Number of protein chains: 2
Amino acid sequence: MNTQMSKLKYHHGQLKEKLLGAALDLLEQEGIANLSLRKLSKIVGVSHNAPYRHFSDKSELLACLVQIGFERLSAAIDAAGRENPDDVAQYLLDAGVAYIQIASRSPVLFQLMFGGLTVKEAKFTEVKAAANRAYDKLFKIIALGKTEGVFKTYDTTSMTLAAWALVHGVATLHNSGYLNDRAPSKKAPAEMNRLLPSMLLKGLLK
Amino acid sequence: MNTQMSKLKYHHGQLKEKLLGAALDLLEQEGIANLSLRKLSKIVGVSHNAPYRHFSDKSELLACLVQIGFERLSAAIDAAGRENPDDVAQYLLDAGVAYIQIASRSPVLFQLMFGGLTVKEAKFTEVKAAANRAYDKLFKIIALGKTEGVFKTYDTTSMTLAAWALVHGVATLHNSGYLNDRAPSKKAPAEMNRLLPSMLLKGLLK
DNA sequence: ACCTGAACACCGTTCAAGT
DNA sequence: ACCTGAACACCGTTCAAGT
């Protein structure tokens, strides 16, 4: 009659993006165990089989989510760099707090990112590259602090891994509820997010 | 005829323990996504429905596994205490290394322990108590180091959480492969397990 | 008490068939 | 090219029925 779309739309062209968006939502709402391709298909309004046109596998869709997660992480660390551009120690702390915040904003995605997802070969290199880009941002902050003479002269990789491990641990304990249970009542969890990394920082500073 | 067991054994009485043991094995072999009650039942040799006599739910079986994991963690920290009984700083490092080793011995179980498993109310308090017992062991080491005048006088809970977070992070990065990829080639991963915690330790020592 | 088979609603995945 | 329904082997869970 008028401009209404045909009832049978065989090509809507945005299926992949729509599926990933719906997956990011459903993941946080229902947990990783209850994320199914069939539910996603229903939400997006296609048959339960349509996703296989864009993902070889459920695990490939999950790998795409993980990649998105690492890209968000990189962006968050970049944003943190603008807060205290002249103080490299504060810069490292800001990046750590940003890491923890990203993790608690999407806890299930964060879990998926480090959950031993056995990604297939093709996607694996892509996902690992995204993870490496986030790692490199931390690495560069440490390297900067060393050339400025603010940080100790330990092996940069080891220092970066220690910093990563600490904020990762804080994020995980935060998300699994063990930190909130334990945090001294007067200190808000947000305060712990900066205090705990600062304890490691003391060991890294000259 | 002779002493052979009856073909229909309705009461074999060890079903719960057998299921948990088989679950611990299957979990590491096939990953968390492929652990099913039906497979466990087949392995143990009962009908797919028998587990419901001992577990209200699949999630209750998983909660039992998590509890076992925390008990192993406590035992490992205890064992670490016997290595350097007179040096509290080494004691803390030994406990940290033990934590990382336990995690890498049963990576999937470790993941399950911190994987946001939504445990039902009844089991929840039991699981949390087991987690608290492991936490308390770390707490006591920190407290000891403070009374001995070896550690700084920060809030003990915060120091304990920082130590927990760091070793937890190292364990997770280890298990997800990000640490092994990054570790300086000359340093064995086992060396990183002690080096990284020692960097935090520097920030905690007086 | 403990175990069983049948049944239900849900999965992931494949495939021949439609436009 | 893109989408569909039917079909398969697997799940968790429930329930009436067996000893």
Side-chain angles (χ1 to χ4, degrees), chain A residues 4-20 22-23 25-27 29-66 108 112 115 117-123, chain B residues 4-20 22-23 25-27 29-66 108 112 115 117-123:
Chain A
Q4 80 179 29
M5 296 180 62
S6 86
K7 214 161 26 180
L8 300 172
K9 42 198 156 109
Y10 284 97
H11 312 70
H12 56 67
Q14 309 248 48
L15 184 52
K16 186 171 184 178
E17 288 71 21
K18 278 188 176 175
L19 284 169
L20 289 173
D25 286 346
L26 200 62
L27 192 64
Q29 287 168 27
E30 309 210 353
I32 190 169
N34 297 319
L35 179 74
S36 78
L37 291 181
R38 292 175 104 111
K39 273 186 200 161
L40 290 179
S41 303
K42 186 167 287 183
I43 290 171
V44 172
V46 296
S47 97
H48 67 269
N49 209 345
Y52 287 88
R53 291 294 127 194
H54 301 94
F55 305 98
S56 73
D57 217 331
K58 184 182 181 182
S59 77
E60 190 175 307
L61 183 141
L62 294 180
C64 288
L65 296 181
V66 168
V108 187
L112 191 63
L117 177 68
T118 46
V119 181
K120 301 174 89 172
E121 280 310 313
K123 272 289 160 191
Chain B
Q4 81 180 27
M5 296 180 63
S6 87
K7 213 160 28 180
L8 301 172
K9 41 195 157 117
Y10 285 95
H11 312 72
H12 56 66
Q14 309 250 47
L15 184 53
K16 186 171 185 178
E17 287 71 22
K18 278 187 176 173
L19 285 169
L20 288 173
D25 287 345
L26 199 62
L27 192 64
Q29 287 169 27
E30 309 209 352
I32 190 168
N34 297 320
L35 179 73
S36 79
L37 291 181
R38 289 175 106 111
K39 274 185 200 160
L40 290 179
S41 304
K42 186 168 286 182
I43 290 172
V44 173
V46 295
S47 96
H48 67 270
N49 209 343
Y52 286 89
R53 291 294 125 195
H54 300 95
F55 305 98
S56 75
D57 219 330
K58 183 182 182 183
S59 76
E60 191 177 305
L61 184 142
L62 295 179
C64 287
L65 297 180
V66 168
V108 188
L112 190 64
L117 176 68
T118 45
V119 181
K120 301 175 88 173
E121 281 309 314
K123 273 287 161 197

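Proteins come first, then strands; the chains are lettered A, B, ... in the order of their sequence lines, and each starts at number 1. Fair warning: this is a prediction, and the values are worked out from it, not measured in the lab.
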Whole-Å distance between [N] [atom2] and [X] [atom1]?
X     : N      : atom1 : atom2 : answer
A/I32 : C/dG12 : CD1   : P     : 13 Å
A/L37 : C/dT13 : CG    : P     : 6 Å
B/K58 : D/dC10 : NZ    : P     : 16 Å
B/E30 : D/dC10 : CD    : P     : 12 Å
B/L35 : D/dC10 : CG    : C1'   : 14 Å

### Task
Would you kindly compare A/N34 and A/R53 by the position of their nearest DNA chain C nucleotide and give the one closer to the 5′ end?
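Mapping each residue to its closest nucleotide by heavy atoms, the 5'-most match is A/N34.
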### Query
Of A/Y52 and B/A50, whose closest DNA chain C nucleotide lies nearer the 5' terminus?
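Residue closer to the 5' terminus by nearest nucleotide: B/A50.
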### Message
Measuring to OP1 and OP2 of D/dC3, would you say a side-chain N or O of A/S47 lies under 4.0 angstrom away?
### Response
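No.
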### Query
Counting any heavy atom closer than 4.0 Å, what does A/K42 reach on the DNA or RNA strands: base, sugar-phosphate only, or nothing?
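It contacts nothing in the nucleic acid.
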Quick one: which protein N/O atoms are closer than 3.5 Å to N/O atoms of nucleotides 6-9 of chain D? Pair and distance per line, please.
residue: D/dA6; atom: N6; partner: A/H48; partner atom: NE2; Å: 3.2

### Query
Do B/F55 and B/L37 come close enough that some side-chain heavy atom pair is under 4.5 Å?
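The answer is no; the side chains never approach within 4.5 Å.
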### Message
So that I can compare with my own list, what are the stems of DNA chain C, taken as at least three consecutive Watson-Crick or G-U pairs with distances under 3.5 Å?
### Response
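Only these stems qualify: C:4-8 with D:12-16, C:12-16 with D:4-8.
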